[in-house]
Amino acid sequence: MRKDVVVTAADLLGIPSGGVTLPGLQHNIAVGVLFIDTWLRGRGTFLFRGAVEDSATAEISRSQVWQWVRHCASLEDDSRPITRALVSQLTEQFVNLATSRSSGQAPPNFDSRRLRLAANLFLEVVLHRSFPEFITTYLSLESAFRQSAWH
């Protein structure tokens, strides 16, 4: 323990300062969708914007999105509330952008149907009424995944 730092119970219970930005929300959506896409291919890690992402970063990303929707957080950029509709819209935009960028120059193993399935599963997880404990458990057990072509 550091002697120069004093932490009180109030410090631990206080809501941190700082807000949610549109790029932060978009990043979390991308990481969540791409992790699920990677997981559907039987892999556990992927590169995104120069960083190695895995289930741990996907858990953080989807947890933040779930909490922001659940607790009606607002974007710092323009004060828009983070709603189910906004998250759905941004997820759709991400899929459309990723699909259009890959047409004609698709990376190995790219499948636009699988990416769309991953986006739909991501939305199930982050828009679920109760907080799914772990993303991989949810993907393994939920009926939507069990009925998919990738199970």
**Prompt:** How long is the span from the CZ atom in R41 to the CG atom in D111, to the nearest 0.5 Å?
**Reply:** 10.0 Å
**Message:** Could you check whether atom CZ of F134 has more than 12 heavy atoms from other residues, nucleotides or ligands sitting under 6.0 Å from it?
**Reply:** no
**Asked** So which heavy atom on V20 is nearest to which on A73, and how close?
**Response** CG2-CB, 4.5 Å
**From CZ (R116) to OG1 (T91), nearest 0.5 Å** = 10.5 Å
**Complete:** For L86 and I82, the nearest pair of non-hydrogen atoms, with its separation, is CD2-CA, 4.1 Å
**Request:** Mind checking the OG-CD spacing from S63 to E133? Nearest 0.5 Å is all I need.
**Result:** 11.0 Å
**Request:** Taking the side chain as every heavy atom from C-beta outward, state whether V65 and L25 have any pair of such atoms under 4.5 Å apart.
**Result:** yes
**Prompt:** If you look at every heavy atom in S61 and G32, which pair is closest and at what distance?
**Reply:** CB-N, 4.5 Å
Less than 3.5 Å apart, which donor and acceptor atoms pair up between the side chains of residues 44-56 and the rest of the protein, not counting sequence neighbours?
unit_1 : atom_1 : unit_2 : atom_2 : d
E53    : OE1    : T57    : OG1    : 2.7
D54    : OD1    : A56    : N      : 3.0
D54    : OD1    : T57    : N      : 3.2

**Prompt:** Could you give the distance from CG (N28) to CD (Q64), rounded to the nearest 0.5 Å?
**Reply:** 4.5 Å
**Request:** Answer yes or no: is there a side-chain heavy-atom contact under 4.5 Å between P23 and D77?
**Result:** yes
**Item:** Test item: V126 and R84 side chains (from C-beta on) under 4.5 Å apart, heavy atoms
**Value:** no
**Request:** Kindly determine whether L117 and L40 satisfy side chain to side chain contact (heavy atoms under 4.5 Å, CB included), including the steps that lead there.
**Result:** CA-CA 9 Å; L117 173 62; L40 290 171; 3.9 Å; yes
**Prompt:** Is L121 reachable from V95 through a run of I, L, V, M, F, W or Y residues, each pair having side-chain heavy atoms under 4.5 Å apart?
**Reply:** yes
**Asked** Side chains of L123 and S88: does their closest heavy-atom pair fall under 4.5 Å?
**Response** yes
**Item:** E124/R62 salt bridge by N-O under 4.0 Å criterion
**Value:** no
**Message:** Please tell me whether V125 and W66 are part of a single hydrophobic cluster in this structure, the criterion being side-chain heavy atoms less than 4.5 Å apart.
**Reply:** no
**Any V7 side-chain heavy atom under 4.5 Å of V5 side chain** = yes
**Prompt:** Would you say L115 and V33 make side-chain contact, with heavy atoms under 4.5 Å?
**Reply:** yes
**Request:** Output the distance between atom NE2 (H27) and atom CG (L22), rounded to the nearest 0.5 Å.
**Result:** 13.5 Å
**Request:** Say whether, by atom type as modelled, one donor and one acceptor occur between the side chain of H128 and the main chain of S130 under 3.5 angstrom.
**Result:** yes
**Prompt:** Hey, what do you get for CD (Q89) to OG1 (T83), rounding to the nearest 0.5 Å?
**Reply:** 8.5 Å
**Request:** State plainly whether one hydrophobic cluster holds both F94 and L90, where clusters connect Ile, Leu, Val, Met, Phe, Trp and Tyr through side-chain heavy atoms under 4.5 angstrom apart.
**Result:** yes
**Request:** Say whether D11 and T8, considering side chains only, have a donor N or O and an acceptor N or O under 3.5 Å apart.
**Result:** yes
**Item:** Considering all heavy atoms, the nearest S74-P81 contact
**Value:** OG-CA, 4.0 Å
